[in-house]
Amino acid sequence: MSDSVVVERPELKRVMGPGLLLLFVVGDILGTGVYALTGKVAGEVGGAVWLPFLCAFVVAMLTATSYLELVTKYPKAGGAAVYTHKAFGIHFLTFLLTFAVMCSGLTSASSASKAFAANFFTAVHLDPDRGALLMITALGFMTLIALVNLRGVGESVKANVVLTCVELSGLLIVIGVGAWALLGGDGDTSRLTDFHVPEGESPFGAVTAATALAFFAMVGFEDSVNMAEETKDPVRIFPRMMLIGLSITGVIYVLVAISAVALVAPDELNKGATPLLKVVQAGAPGFPLEVFAWITMFAVANSALINMLMASRLLYGMSHERVLPGPLGRVLHKRRTPYIAILFTTLLAFFLIGYADLAALGGTTAFLLLCVFAVVNVAVLVLRRDKVEHKHFHAPTALPVLGVVLCVYLASPLSGRDSADYKIAGWLMLVGVGLWALTWLLNKYVFKRHADFDPTHLDPQGPVN
């Protein structure tokens with residue numbers, strides 16, 4: 001028997017069946033994006049607002065097949081970072097990708113916390129301009145998310161079930177109001193084929209620019225792979241539930257977009273931060289708008305919960321791949337939840353809520369995730385050489401290849417993406433490089449105590465169980 005060091009990997013509790021996983025996927029995709037971005041997308045293309053959402057759905061579905069092959073082949077927490085590490089074995093690349101994914105989750109959750117606080121003040125008819133009180137409310141909300149996360153994924157996912165039903169009800173209200181108004185002869189369906197093309201830009205360029213924006217509303221499905229170790233029989237149920245979940249959200253987005261632009265002119269829809277509230281008001285003037293404000297508030301709350309779950313599980317998984325410090329992999333003895341990772345991500349979220357200007361980070365988050373998706377689509381092809389004993393989902397080769405091309409295009413300036421996205425992403429990656437250097441030094445310091453560990457080599461297969 002070899003004298004190599006055996007690293008204990010504590011197991012997480014498997015509580016998620018097909019139903020909970022489906023709600024997790026749907027709840028993670030729905031949320032802040034569709035409630036806030038419909039008007040902005042309309043501002044890019046005019047009445048054909050449904051088309052960018054449809055294009056974003058296609059790109060997401062292509063990338064989802066790559067994720068499904070990888071999660072059923074390697075059913076462990078960690079997601080894109082684990083797959084990248086197994087495919088390329090480059091510590092630096094893996095860390096940067098991990099940082100990008102975690103950053104996207106934390107900025108999204110922090111933004112949702114601020115949105116929750118603002119919606120709460122509006123719903124209870126208080127002045128939302130009180131900065132200090134808004135900050136305290138947002139921090140208190142993030143603390144509550146951390147407590148739910150610490151208690152256990154079972155409680156977290158059950159909370160997700162309730163919040164998903166609430167946010168889904170809001171979108172179904174929009175669709176129902178739109179259908180009722182159109183059947184009653186109200187609304188203007190001729191807008192659905194109207195293109196608003198900025199001067200000097202082609203219709204294709206306008207659609208791709210709007211798709212790059214709408215794609216932010218489609219992300220979230222990738223978070224579910226970080227729950228693989230807490231899912232019952234992930235190899236069997238993941239493909240069906242993820243594809244069904246994506247299809248449900250794609251149909252909902254297109255129907256919401258159709259209802260929105262049929263009832264409210266694109267120029268008006270693009271004004272303000274509550275486009276769907278305008279749709280409800282136009283199609284059903286007697287509907288209590290305060291109820292819809294509360295629904296919006298709980299929708300962004302769900303986004304925060306899911307993103308914080310993802311970020312903590314990602315750190316837990318990567319700590320056991322020797323990419324991040326070992327303490328991040330510690331779990332509570334009774335609850336079996338990664339408490340160090342949860343506390344660490346919550347502290348980072350506190351910092352973002354308190355000091356970061358998150359208004360411009362939406363586009364940056366979408367840009368970073370498109371880059372991550374491009375790498376995952378390449379990784380699935382590279383890992384075809386790594387055979388496993390069990391059967392797993394296999395994506396047709398053309399799908400990840402097409403996924404790479406489309407993700408790179410949407411992330412590039414050719415798609416019409418705002419240059420500010422690249423500037424913010426550049427600063428974030430500089431921070432990531434600094435954290436990578438610190439982690440490398442910590443790993444080197446620890447490895448010096450174990451002759452069997454080589455600090456210059458990172459095993460793509462992870463620790464020995």
Side-chain angles (χ1 to χ4, degrees), residues 12-31 33-34 56-80 82-83 101 105 152-169 171-172 215 217-255 299 302-303 305-310 313-314 317 369 372-373 376-377 380 388 390-396 399-400 403:
L12 301 178
K13 188 176 180 181
R14 295 188 181 276
V15 297
M16 295 181 69
L20 286 179
L21 182 60
L22 177 61
L23 284 169
F24 189 96
V25 173
V26 172
D28 204 1
I29 299 174
L30 299 179
V34 67
F57 165 74
V58 172
V59 176
M61 186 65 81
L62 291 173
T63 302
T65 61
S66 294
Y67 270 97
L68 286 176
E69 178 168 335
L70 293 169
V71 74
T72 56
K73 193 174 184 180
Y74 311 108
K76 299 194 300 182
V82 167
Y83 311 143
V101 174
V153 71
E155 286 74 8
S156 299
V157 174
K158 288 172 184 175
N160 171 61
V161 170
V162 175
L163 295 174
T164 296
C165 291
V166 171
E167 66 185 352
L168 182 58
S169 69
L171 298 177
L172 293 178
F215 190 77
M218 283 304 308
V219 300
F221 65 90
E222 77 283 357
D223 292 346
S224 64
V225 301
N226 292 294
M227 311 304 291
E229 291 187 50
E230 292 161 286
T231 301
K232 302 173 183 177
D233 197 3
V235 174
R236 183 179 62 85
I237 70 173
F238 249 99
R240 189 159 43 99
M241 293 303 104
M242 184 182 286
L243 294 178
I244 291 174
L246 266 171
S247 299
I248 289 173
T249 54
V251 170
I252 289 173
Y253 279 6
V254 171
L255 291 178
N302 198 34
S303 296
L305 174 62
I306 296 295
N307 276 286
M308 294 306 290
L309 272 171
M310 176 275 292
R313 268 56 179 186
L314 188 153
L369 288 177
V372 170
F373 292 167
V376 170
N377 282 314
V380 75
V388 295
H390 65 275
K391 291 183 179 181
H392 59 84
F393 182 88
H394 188 279
L399 299 187

Which heavy-atom pair separates [X] from [Y] by the least distance, and what is that distance?
| X | Y | value |
| --- | --- | --- |
| N377 | L62 | OD1-O, 4.2 Å |
| L171 | L30 | CD1-CD2, 3.6 Å |
| V380 | P400 | CG1-CB, 3.6 Å |
| V25 | G245 | CG1-CA, 4.1 Å |
| M218 | I29 | O-CG2, 3.7 Å |
| E222 | G220 | OE1-N, 2.8 Å |

[X] versus [Y]: any side-chain heavy-atom pair under 4.5 Å?
| X | Y | value |
| --- | --- | --- |
| M61 | S247 | yes |
| F393 | T65 | yes |
| I237 | L21 | yes |
| Y83 | V225 | yes |
| F24 | L309 | yes |

So how far is it from [X] [atom1] to [Y] [atom2], rounded to the nearest 0.5 Å?
| X | Y | atom1 | atom2 | value |
| --- | --- | --- | --- | --- |
| E167 | L172 | CD | CG | 11.0 Å |
| K391 | R236 | NZ | CZ | 14.5 Å |
| T249 | I244 | OG1 | CD1 | 12.0 Å |
| L243 | L22 | CG | CG | 11.0 Å |

Please check if the side chain of H390 supplies one atom and the backbone of T72 the other of a donor-acceptor pair under 3.5 Å.
yes

Would you please classify the geometry between the Y67 ring and the F373 ring as parallel, tilted or perpendicular, with 30° and 60° separating the classes?
perpendicular

